[in-house]
A.B. asks: 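Once you've had a glance at the structure underneath, I'll fire off some questions.
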Amino acid sequence: GAGVSQSPRYKVAKRGQDVALRCDPISGHVSLFWYQQALGQGPEFLTYFQNEAQLDKSGLPSDRFFAERPEGSVSTLKIQRTQQEDSAVYLCASSLNRQSEEKLFFGSGTQLSVL
Amino acid sequence: QKEVEQNSGPLSVPEGAIASLNCTYSDRGSQSFFWYRQYSGKSPELIMSIYSNGDKEDGRFTAQLNKASQYVSLLIRDSQPSDSATYLCAVKRGGNKLTFGTGTQLKVEL
């Protein structure tokens, strides 16, 4: 596709519900990142994939958060037993290869609201 | 101390003026520095990257880096209303992770 695609655009969940957020990166992009952006804050790093390998998950806030990219393209961020503090915009970004990792292309994000 | 600090603003400048956005970082090992622009409700977009001390110009934008002072800035010349957005400073030590500041809201007034 022309850009990074994320779905759903908006998600409302009841506290305790599990959610799955999808990211479809730019075709051919090796690197994929997930960021969490709370209202009025900058994006906070969650996790990083190079192809299907999850090389860094140091930013995942708890074991309720899980990300995968099984075939090295589409990625899913799953949040189990959602809490109100999980409410944020979840941004996915991709880049072409390791040498150009600094140029990230962001998707439009998924705005998650936990009630 | 936050790793990347920015004044949240809002910074208001008149149309046609120079907007000056500032950022400081705490990790002396940081190697790469970036400015992203984020319109309200939209995703961040890279506008400038800088890796060595000094100035880097691209159109109306100039990024300035001073590693000794751990300071990076963005100047926007001839500011336009369309420049009104939040500007995010981001740094990278090495590896893959970008660390963002909280952003400075810029308002360019007619």
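Predicted model only: the values in this text are computed from it and were never measured. Naming: A, B, ... by sequence-line order, numbering from 1 per chain.
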A.B. asks: For A/Glu85, does the CD atom have more than 12 heavy-atom neighbours from other residues, nucleotides or ligands under 6.0 Å away?
C.D. replies: yes
A.B. asks: Give, as side chain, backbone, both or neither, the part of A/Phe105 having an atom under 4.5 angstrom from any heavy atom of chain B.
C.D. replies: neither
A.B. asks: Would you kindly confirm whether A/Leu21 and A/Leu60 end up in one hydrophobic cluster when ILVMFWY residues are joined by side chain heavy atoms under 4.5 Å apart?
C.D. replies: yes
A.B. asks: Where is the tightest heavy-atom contact between B/Lys97 and A/Ser58, given as atom of each residue plus distance?
C.D. replies: NZ-OG, 4.3 Å
A.B. asks: Provide the closest heavy-atom pair for B/Pro44 versus A/Phe106 in the form atom of the first, atom of the second, distance.
C.D. replies: O-CD1, 3.5 Å
A.B. asks: With a 4.5 angstrom heavy-atom cut-off, could you sort out which part of B/Gln105 is near chain A: side chain, backbone, both or neither?
C.D. replies: neither
A.B. asks: Quick check on B/Arg60: does its CZ atom have over 12 non-hydrogen neighbours (other residues, nucleotides or ligands) under 6.0 Å away?
C.D. replies: yes
A.B. asks: Does A/Leu32 belong to the same Ile/Leu/Val/Met/Phe/Trp/Tyr cluster as A/Tyr90, with side-chain heavy atoms less than 4.5 Å apart forming each link?
C.D. replies: yes
A.B. asks: Is there a path from B/Phe34 to A/Leu91 through hydrophobic residues (I, L, V, M, F, W, Y) whose side chains come within less than 4.5 Å of each other?
C.D. replies: yes
A.B. asks: What's the spacing between A/Leu104 CG and B/Tyr36 OH if we round to 0.5 Å?
C.D. replies: 4.0 Å
A.B. asks: Could you tell me which residues satisfy side chain to side chain donor-acceptor pair (under 3.5 Å) with B/Glu45, sequence neighbours excluded, listed by chain and number?
C.D. replies: B/Arg37
A.B. asks: Quick test of your reading: applying ring-ring contact (aromatic ring centres under 6.0 Å, His included), list the pairs with at least one residue in residues 56-94 of chain B, sequence neighbours left out, ordered by first then second residue.
C.D. replies: none
A.B. asks: Check the surroundings of atom NZ in B/Lys42: do more than 12 heavy atoms from other residues, nucleotides or ligands lie under 6.0 Å from it?
C.D. replies: no
A.B. asks: At what distance, to the nearest 0.5 angstrom, does CG of B/Leu46 lie from OG of A/Ser95?
C.D. replies: 11.5 Å
A.B. asks: Would B/Leu65 end up clustered with B/Leu75 when hydrophobic side chains under 4.5 Å apart are linked, directly or stepwise?
C.D. replies: no
A.B. asks: Pick whichever of A/Pro43, A/Ser108, A/Ala93, A/Gly40 has the most heavy-atom pairs under 4.5 Å with chain B.
C.D. replies: A/Pro43
A.B. asks: Does B/Glu5 have more than 12 heavy atoms from other residues, nucleotides or ligands lying within 6.0 Å of its CD?
C.D. replies: yes
A.B. asks: So does A/Leu115 have more than 12 non-hydrogen atoms from other groups sitting under 6.0 Å from CG?
C.D. replies: yes
A.B. asks: Can you check whether anything in residues 62-70 of chain A gets within less than 4.5 Å of chain B, heavy-atom wise, and list it by number?
C.D. replies: none
A.B. asks: Are B/Met48 and B/Leu21 connected into the same hydrophobic cluster when the rule is that any two of I, L, V, M, F, W, Y join if their side-chain heavy atoms are below 4.5 Å apart?
C.D. replies: yes
A.B. asks: Would one find more than 12 heavy atoms of other residues, nucleotides or ligands at under 6.0 Å from atom CD of A/Gln83?
C.D. replies: yes
A.B. asks: How about residues 73-82 of chain A versus chain B: which residues have heavy atoms under 4.5 Å apart?
C.D. replies: none
A.B. asks: Could you state the interatomic distance from CD (A/Gln37) to OG1 (B/Thr102), rounded to the nearest 0.5 Å?
C.D. replies: 10.5 Å
